[in-house]
Each structure stands twice: as structure tokens, then as C-alpha cells.
Amino acid sequence: MQVIFKELTTNFEVILLESLIKNEKKEEFEKIRKNLINQPSKEEFGDYQCNICLVLSKIYKKSPREIANRFVKKLKANKKISNLCEDLEIAGPGFINIKLKNNILIEEIKSNIKCPRAGVPLSNKKNKNHLRKKVVVDFSSPNIAKEMHVGHLRSTIIGDSISRILELRGYIVLRLNHIGDWGTQFGMLITHLKDLYSSDLKKIDNIKISDLVEFYKASKKRFDNEKEFKKRSREEVVKLQSGDRESIQLWKLLCDQSRKEFDQIYKTLNIKIKERGESFYNPYLKSIIEDLNLKKILIEDQGAKCVFLDGMTNKEGKPLPLIIQKKDGGFNYATTDLAALRYRFNKEPDGDNATRIIYVTDHGQANHFAGVFQVAKRANWIPEDCEVNHVPFGLVQGIDGKKLKTREGETIRLKDLLSESIKRAKEDLLKRLENESRSETNDFILNTSRVIGIGAVKYADLSQNRITNYQFSFEKMLSLNGNTAPYLLYTLVRISGINRKNNMPEDNINSESISYSHDLEWKLIRKLLKFDEVLISIEKDLMINRLCNYLFELCQTFNRFYDKVPILKVEMSKKISRLTLCALTEKTLKLSLELLGIESLERM
RNA sequence: GGGGCUGUAGCUCAGUAGGAUAGAGCAACGGUUUCCUAAACCGUAGGUCGUGGGUUCGAUUCCCUCCAGUCCCGCCA
């Protein structure tokens with residue numbers, strides 16, 4: 001319905017401007033045009049509302065209702081507006097409630113049914129060469145030789161969903177996995193590896209580390225306790241960074257084995273992402289220093305090369321530095337992040353030619369990114385018309401409100417968490433089958449519980465406002481009531497049920513005869529038509545929970561309709577009209593679940 | 001000490017480019033099945049929107065004070 005909204009806004013603006021000119025207040029136009037037409041604060045107020053008369057009352061020094069009367073008269077005289085609107089009603093102190101004509105809404109429904117994106121328009125934004133804009137989404141980013149945990153889960157799920165939504169809107173999306181594959185920890189890992197497998201070093205393929213996490217822990221323990229080991233580890237870092245052949249081989253071995261673990265998780269979660277770890281940017285680090293030097297913003301302090309940040313201070317009240325090069329000459333993550341940012345905005349072939357970079361990390365890194373962005377801006381590395389966004393998210397907590405841990409106090413492995421969810425979904429399903437005396441094939445049971453189990457975990461995360469911490473509860477996310485994946489899937493299953501029972505041949509459907517009379521039909525129509533506006537708002541603020549909220553409301557609206565309004569056992573024209581609503585609900589839901597990375601089901 | 005984020009019903013959370021009587025789910029209580037999956041639907045009850053100021057015709061929303069929780073603050077990422 002975005003198109004209608006825009007047309008209404010344009011024509012309202014014309015009338016507003018005429019009025020202002022007539023009253024010699026033209027200069028106010030820019031200030032007050034912004035929120036000329038709003039979403040209604042309540043459904044019963046109509047399709048949109050206009051609150052401008054209360055503002056005009058101040059400017060014209062007349063009562064808002066008096067102004068509203070005149071304004072509405074002018075609006076009604078406008079042909080384009082009267083073609084769209086059934087009624088412009090003045091309410092309360094001077095609000096104008098806008099109700100659209102039924103046939104306009106029905107035309108929208110028909111057009112959305114035909115549209116493969118269910119009415120969501122493609123973004124018309126293009127880059128300077130009039131090509132589709134490219135967005136880099138940086139998400140997931142686990143560390144080599146460490147287990148993925150719930151913190152990575154949020155980044156992965158949110159980043160994936162953002163990518164999918166931007167793709168639907170027509171952007172070219174480059175999903176990047178900025179994995180931690182470089183840095184000082186590799187010194188100890190490689191040294192430990194060399195000690196353990198000294199005899200196999202010639203035949204590297206023979207080395208199989210059974211448990212990388214245990215391996216990491218053992219290395220760390222030695223690093224912290226053995227002086228000699230620590231020394232060798234440090235030397236190993238230098239070797240690695242200077243490109244020593246054997247060190248590089250062992251580094252690759254560690255990365256490969258880790259990658260296998262990650263890929264399993266990504267397969268389970270159905271995540272597509274391109275691995276481009278920190279090591280990729282090594283060749284570009286030196287020029288970061290050079291360029292910052294050239295621009296005279298790099299300052300040496302206590303042996304380290306820093307950029308001092310504006311508006312940020314440390315404990316002593318002095319300007320906070322962003323360390324670009326350590327006193328030992330090594331680079332750290334700020335350097336890599338700057339190099340990555342610059343590369344992504346650079347033109348091809350030495351860059352990605354992006355116009356927007358989105359970083360999905362926990363909000364603990366907010367300061368870090370604020371610093372990095374500030375330096376990038378001062379160094380002029382963010383081109384005109386381009387933007388960077390940090391998309392922060394809160395912690396995953398247990399029921400106790402503390403960081404999610406096992407009973408033993410250990411970090412929960414992501415793969416254990418996912419299989420637990422599937423297991424619980426399966427138990428629920430089996431119980432239901434028994435209660436209803438249903439029998440299903442083993443394949444059905446496995447697939448259904450997998451889709452529900454994974455979907456529930458994803459949806460629980462995405463439906464939450466990402467900025468706040470959220471409490472992880474299998475019980476809630478798998479519940480069949482409330483704003484959960486199973487509730488949405490169930491709604492879809494109901495529609496599939498209707499389709500199965502419907503024996504009417506498809507070519508009987510004549511969309512010309514569509515008409516609606518029931519109040520619940522109209523509520524569903526209006527809800528369906530909000531879909532595009534929801535997605536467009538998400539493109540700006542990247543709050544995925546808006547989509548989930550919308551879907552929950554859509555399903556509630558549909559279920560009320562389904563409960564009270566017969567669909568199949570009615571006369572032909574009503575049946576066709578109602579089946580059309582079912583079809584669009586189904587399409588919207590399926591598409592949305594896809595955007596959330598959740599699979600659909602026909603039966604459950 | 002500085003900065004970020006959070007504080008809304010018993011619990012978990014929506015809602016904030018200012019708008020009319022602040023919404024869901026869970027838990028509690030009550031109701032609905034000749035019909036498409038009742039895994040649903042309907043109703044009742046539950047609120048000083050952390051505190052105190054300010055701006056405004058109008059503030060949960062914007063600004064300031066204070067309180068509470070949490071995260072970050074020089075060579076880890």
C-alpha cells in the first residue's frame with residue numbers, strides 16, 4: 001500500500017502548500033510536511049490519519065476543528081484524493097481519519113496476489129553508475145579453534161535475515177564472514193600443534209584434531225603456565241606473519257578443521273555466507289598506517305601509534321586512543337577493521353564497491369565501532385552517499401536472567417542447543433500424534449520436528465527487539481500459543497488444510513467477481529496490505545522484530561477470520577473471494593518466513 | 001570518573017521521526033466445537049509507562065536531574 005500512501009501524501013502536500021501560501025505562511029511548509037500522513041494509532045481510526053490541523057491551529061491562531069473543516073473541504077475537492085478516499089472524517093480535537101475506498105483496497109489485493117514479492121516494491125535507489133546498490137553485511141564471525149556459541153547465534157540469524165530482506169528489496173548483498181583467523185593466539189596454537197604432532201609434520205593430512213576446543217584450552221593453559229612455551233609461541237607469531245611455509249601450512253590446517261565445524265552449523269541453520277577472515281586484509285594494513293600518517297591524524301603515544309578520538313575520554317579524562325599499531329609493531333583488530341572498511345568501499349578490483357556496510361555484533365563492541373567509524377570518517381574513507389551501520393544486539397540470558405550457561409557453568413555449544421530444540425519439538429509432536437491417534441511416517445516426524453525446532457530458535461531471537469537482552473526459554477519458543485514460530489506455522493498449516501479440502505478446479509476462479517462484506521474480511525485485507533510498509537521500514541532501522549510483530553498480528557487476524565467466517569461451504573462468489581484472502585495470507589506468510597530463514601510446513 | 005544500552009501489567013516483552021481510552025503472550029478465572037488441524041477463538045481481571053523537572057495544544061516517546069541494572073573504557077577480538 002506504499003504506492004497509495006505516497007500518492008495521498010503528494011496530493012495532501014499540494015493542498016497544504018496552497019493553504020499556507022494563501023495565509024502567507026509558506027515558510028512553514030518544509031518544517032511541517034514531514035509527518036503529514038501517519039499510520040493510524042488505532043485500527044478503527046481508518047487506514048491513515050492526518051494530524052496537521054493541530055499544528056496549523058498554532059500557526060493560523062484558529063481552532064483546530066475550524067481549520068480541519070476547511071482543510072477537509074479542500075481535500076475532498078481534489079480529484080485524486082476523492083478517487084482514493086471513501087471518507088475524510090474529522091475526529092477528536094481535529095484529527096482527520098482517512099478511509100480508503102473498498103475497490104482501491106481490492107485492486108491492491110489482486111495486484112499483490114500476482115506479484116512474486118507479495119506487493120513489496122523494489123528499491124529504486126541506484127548508485128552513481130545507475131546500477132543496483134551493493135550492501136555488505138558482516139555477520140556471524142566466529143573464531144578459529146573456538147566453538148560457536150549463542151552469541152554467534154544472534155549475529156548469524158539477524159545478519160542472515162537482514163541480508164534476505166535487502167535482497168528482496170533488490171540490493172546486491174555481499175554476506176561476509178569476518179572470522180577470527182589471524183592474531184596472536186595462533187602462535188600458541190601452532191606451537192602446541194608442533195609439539196604434539198612433531199612426527200607427522202611432514203604428512204600434514206594425517207593430523208586430525210579430535211576436539212579443537214579442548215586443543216585450544218590446552219594451548220592456552222600451557223601459554224599461561226610455561227615460560228618457555230610462551231616464548232616459543234611469540235616467536236611463532238613472527239614466523240607466521242613473515243610467511244614461514246611450515247607455519248602457514250599448520251595455520252591452514254587449523255582453519256580447515258575449524259571451518260568444517262562451522263559449516264555443519266551453517267548447514268543446519270541454512271545460512272549462506274562467504275568466508276573472508278581477518279587474514280584477507282593483511283596486505284592492506286600497512287597502507288592504513290601510511291594514509292593516516294599522511295593525513296596527520298596518527299599520533300605516537302607510549303610507543304604505540306594511535307588516533308585520539310573526539311568526544312571520548314578514558315578513566316583519567318584524557319582523549320581515548322584507538323590503537324592502530326602496537327609498540328611491538330603488531331597490528332590489532334582496529335587496524336584490520338579499518339582496512340576491511342576501506343576495502344569494502346573501494347572500487348573493484350581492489351575492493352567491493354559497496355555503498356553500505358552493516359556490522360552485526362553484540363553491543364559490547366559499540367564503543368569500538370564508534371571509534372573505527374570516526375577514524376574512517378576523518379580519513380575520508382567513507383565515500384559520499386555511503387553509510388556504515390553498527391547493528392548491535394543484547395545478550396542471550398537464561399531464565400535466571402544471567403548469561404546463558406549449562407548447569408555446570410560452561411558455555412553452551414550451539415550444536416547442542418539446536419539439537420535440544422529439535423528433540424523437544426519431536427517429543428511434543430509425538431505426544432500430539434498419540435493424543436489425536438494419528439500415525440505419521442518417520443520421515444514426516446523427523447522433518448517436522450527439525451523445521452519446528454530450528455524455526456523456533458530462530459524466531460525467538462528475531463522476534464525480540466535486538467537491542468535488549470533476551471531470555472532463552474525452550475518452553476516459550478516451542479509453545480503453540482503466542483508470538484512463536486509454531487503459531488505461525490500452524491496458521492500456514494490451516495491454510496494448507498483448506499487448500500487440500502478445496503476441490504474446485506483452479507480455472508473456475510474469476511477474480512473479477514471478488515467482493516467482501518464481513519468485518520473480519522476487511523480487517524484481514526487491511527492487515528495484508530500493510531506488508532510492504534513494514535519491510536520498507538526495516539530497511540532503514542534494521543529492526544527485524546517489526547516483521548515478526550506484523551506476522552503475529554497477521555496470523556491473529558487470519559485466525560479470527562478463519563474461526564468465524566466459513567470459506568469452503570458458501571456460495572461460489574464468496575468462496576472465491578475468501579480463497580483469495582487465504583492465498584495472499586499464505587503467500588505473505590511463506591515469503592516472510594523465508595525472509596526470517598525459517599522453512600514452511602503444510603502439515604504438522 | 002567518562003560513555004553506551006536498559007527500566008512499561010505478577011512474569012516475558014511490543015509500542016517511542018510527539019497524537020485520541022498505553023498493547024500482546026504466559027500465568028489466573030469464565031465461555032465457544034453439525035464446519036476447513038480447538039495446536040484455535042472469545043470474554044474477565046491486571047498499569048503512578050523507574051523518579052523529579054522542562055519543552056508542547058498534546059509526552060511512555062524529545063531535553064535535563066536523580067535512582068537501579070548491565071556492558072565498554074591503551075596495546076585481546
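Within every chain, numbering begins at 1; the chains are lettered A, B, ... in the order of the sequence lines, protein sequences first and strands thereafter. Bear in mind the structure is a predicted one, so any value in this text is a computation, not a measurement.
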- Query: Using atom P of each nucleotide, how far apart are B/G52 and B/U44 to the nearest Å?
  - Reply: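 31 Å, rounded to whole Å.
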- Query: How far does the C1' atom of B/C71 sit from the matching atom of B/G19, given to the nearest Å?
  - Reply: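 Each nucleotide's C1' atom is 35 Å from the other's.
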Are the charged groups of [X] and [Y] less than 4.0 angstrom apart, N to O?
X: A/Arg424; Y: A/Glu475; answer: no
X: A/Asp47; Y: A/Arg526; answer: yes
X: A/Arg344; Y: A/Asp138; answer: yes
X: A/Glu521; Y: A/Arg578; answer: yes

Return the nucleotide paired to [N]: Watson-Crick means purine N1 to pyrimidine N3 with N6-O4 or O6-N4, wobble means G-U with N1-O2 and O6-N3, both under 3.5 Å.
N: B/G43; result: B/C29
N: B/A9; result: none
N: B/U16; result: none
N: B/U70; result: B/G4

With sugar-phosphate meaning primed atoms plus P, OP1 and OP2, does [X] contact a base, only sugar-phosphate, or nothing at under 4.0 Å between heavy atoms?
X: A/Glu553; result: nothing
X: A/Tyr470; result: sugar-phosphate
X: A/Arg438; result: base
X: A/Lys564; result: sugar-phosphate

- Taking atom CD of A/Glu434 as the centre, does the number of heavy atoms from other residues, nucleotides or ligands within less than 6.0 Å exceed 12?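 12 or below, so no.
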- Item | Interatomic distance where OH belongs to A/Tyr359 and P belongs to B/G4 [whole Å] |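 In whole Å, B/G4 P and A/Tyr359 OH are 22 Å from each other.
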- Message: Rounded to whole Å, how long is the line connecting atom CE of A/Met477 with atom P of B/C13?
- Response: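 The distance from CE of A/Met477 to P of B/C13 comes to 12 Å, rounded to the nearest Å.
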- Message: Is it the case that B/A20 (base atoms only) and A/Asn97 (side chain only) share a donor and an acceptor within less than 3.5 Å, ignoring hydrogens and angles?
- Response: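 When only heavy-atom distances are counted, A/Asn97 does reach the base of B/A20 through a donor-acceptor pair under 3.5 Å.
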- Message: Whether A/Arg560 contacts B/C42 is assessed here as follows: a side-chain N or O lying under 4.0 Å from the phosphate OP1 or OP2. Is that the case?
- Response: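 Yes, because at least one side-chain N or O of A/Arg560 sits under 4.0 Å from OP1 or OP2 of B/C42.
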